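Note that the structure is predicted; figures quoted are calculated from it, not measured. In what follows, chains carry the letters A, B, and so on, assigned in the order in which the sequence lines appear, proteins first and then strands, with residues in each chain numbered from 1. Excluded from the calculations below are hydrogen atoms, water molecules and symmetry mates; all remaining heavy atoms, backbone and side chain alike, are included.
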There are 2 protein chains.
Amino acid sequence: MSPGHTGVTTAGLFDSREECGIRDVLDRLGDKWSVQVVVELSRGVRRFRELQRALPGGISQRMLTLTVRRLERDGMVSRTVHPTVPPRVDYELTETGRSLAHLIRTLTDWSLRHHDEITDHRVHWDAANPGSGIR
Amino acid sequence: MSPGHTGVTTAGLFDSREECGIRDVLDRLGDKWSVQVVVELSRGVRRFRELQRALPGGISQRMLTLTVRRLERDGMVSRTVHPTVPPRVDYELTETGRSLAHLIRTLTDWSLRHHDEITDHRVHWDAANPGSGIR
DNA sequence: CGGAATCCTACGTGATACTG
DNA sequence: CAGTATCACGTAGGATTCCG
């Protein structure tokens with residue numbers, strides 16, 4: 001092992017080309033709102049408007065509907081309609097959804113640990129590569 | 001605790017509204033190629049064309065350039081230019097990049113564990129919600 | 001070989017209006 | 001309240017061409 005190496009190897013980390021089914025999960029993590037919705041629902045049951053108001057940045061009705069529908073379709077969120085007037089709809093994480101919340105926690109932990117490092121590196125890289133257009 | 005509960009709680013999993021710096025990382029994980037590039041580089045040093053041919057699905061030159069540049073900007077990948085003719089450029093994971101590879105391994109593990117479950121749930125949901133347009 | 005520059009298209013997202 | 005329906009827009013990504 002080379003001098004100064006801290007011991008993080010990745011040699012046999014990924015067996016074969018097994019990235020096939022992973023796209024689905026990464027697409028959800030990558031879209032603009034799913035992670036925030038799961039995080040908010042990890043704090044408890046939420047109604048539609050409740051959820052909307054809780055999300056920082058201000059999600060539109062349309063996008064919140066799309067986001068919770070997709071999460072429901074994947075089995076991460078349960079949707080309970082109360083036949084009252086005015087209507088009341090409760091959203092809650094399923095067992096799988098709670099597992100996803102823990103995965104997201106792992107992600108945020110990693111992000112927090114490396115955030116400053118990444119930001120600093122970007123500043124230096126941008127200074128060394130003026131007008132590259134990369135973002 | 002309710003009967004039948006398997007013990008996965010998420011009550012105090014996320015302290016406050018700490019999703020601020022996480023967007024950067026999620027954007028990289030969410031785009032189409034970054035994860036595949038990191039996975040391929042976790043197997044060893046790669047040249048530009050080498051990397052391009054290794055990625056299933058066929059990445060364009062443009063997108064490979066953008067992807068490795070962004071990873072380089074974030075400090076995940078090092079880029080070494082050999083001043084020969086024809087030119088030779090080597091890409092390699094940095095220490096932080098190898099840490100990211102391990103995080104991605106955690107993601108793929110979770111995906112593989114829940115892939116069948118998610119797929120099955122989608123089939124049933126699509127059958128129960130015909131013509132919803134949700135994907 | 002390893003790009004950069006340009007053009008083009010599809011899709012995710014936002015804003016607004018309407019409904020049961 | 002909890003949506004649905006439409007339109008409008010920006011940008012990620014693909015295809016192509018040219019360069020050192």
Gap between atom CG of L107(A) and atom CG of L29(B) - 0.5 Å precision: 6.5 Å
R53(A) CZ - dC1(D) P separation (whole Å): 6 Å
Length of the line joining R135(A):CZ and dG13(D):P, which is rounded to integer Å: 17 Å
Within residues 84-93 of chain A: residues closer than 4.0 Å to DNA chain D (heavy atoms): P86(A), P87(A), R88(A), V89(A), Y91(A)
Distance-only polar pair, side chains of E92(B) and T80(B), donor-acceptor under 3.5 Å: no
No-hydrogen, no-angle side-chain donor-acceptor test under 3.5 Å, Y91(B) and R79(B): yes
Pairwise side-chain contact, E40(B) with R46(B), heavy-atom cut-off 4.5 Å (strictly under): yes
Spacing of Q61(B) atom CD relative to dG14(D) atom C1', expressed in whole Å: 12 Å
Atom pair CG (D120(B)) and NE2 (H114(B)), whose distance is rounded to the nearest 0.5 Å: 13.0 Å
Atom pair distance, as rounded to whole Å: NE2 in H82(A) and P in dA2(D): 11 Å
Nearest-Å distance for atom pair CG/P, residues L64(B) and dG3(C): 8 Å
Whole-Å gap separating C1' (dG13(D)) and CG (D27(B)): 15 Å
Check: S34(A)/D31(A) side-chain N/O donor and acceptor closer than 3.5 Å: yes
R79(A) vs dG3(D): side-chain N/O to OP1/OP2 distance below 4.0 Å: yes
Inter-end axis angle, the helix from dC1(C)-dG20(D) to dG20(C)-dC1(D), with every axis fitted to five base pairs (rounded, 10 degrees): 40°
Rounded distance (Å) that lies between atom P of dC1(C) and atom CD of E50(B): 11 Å
Separation of dG2(C) C1' from R46(B) CZ (nearest whole Å): 18 Å
Name the pairs: protein N/O against N/O of nucleotides 10-13 of chain C, kept only if under 3.5 Å.
from	atom 1	to	atom 2	distance (Å)
dT13(C)	OP1	K32(A)	N	3.0
dT13(C)	O4	R62(A)	NH2	3.4

Note: D24(A)-R122(B) ion pair, threshold 4.0 Å (strictly below): yes
E117(B) versus T96(A), side-chain donor and acceptor atoms under 3.5 Å: yes
OP1 or OP2 of dG2(C) under 4.0 Å from side-chain N/O of R49(B): no
Distance-only donor-acceptor check, side chains D109(B) and T106(B), under 3.5 Å: no
Nearest-0.5 Å distance, CZ of residue R135(A) to CG of residue L66(B): 12.0 Å
Residue pair W110(A) / S99(B), side-chain donor-acceptor N/O under 3.5 Å: yes
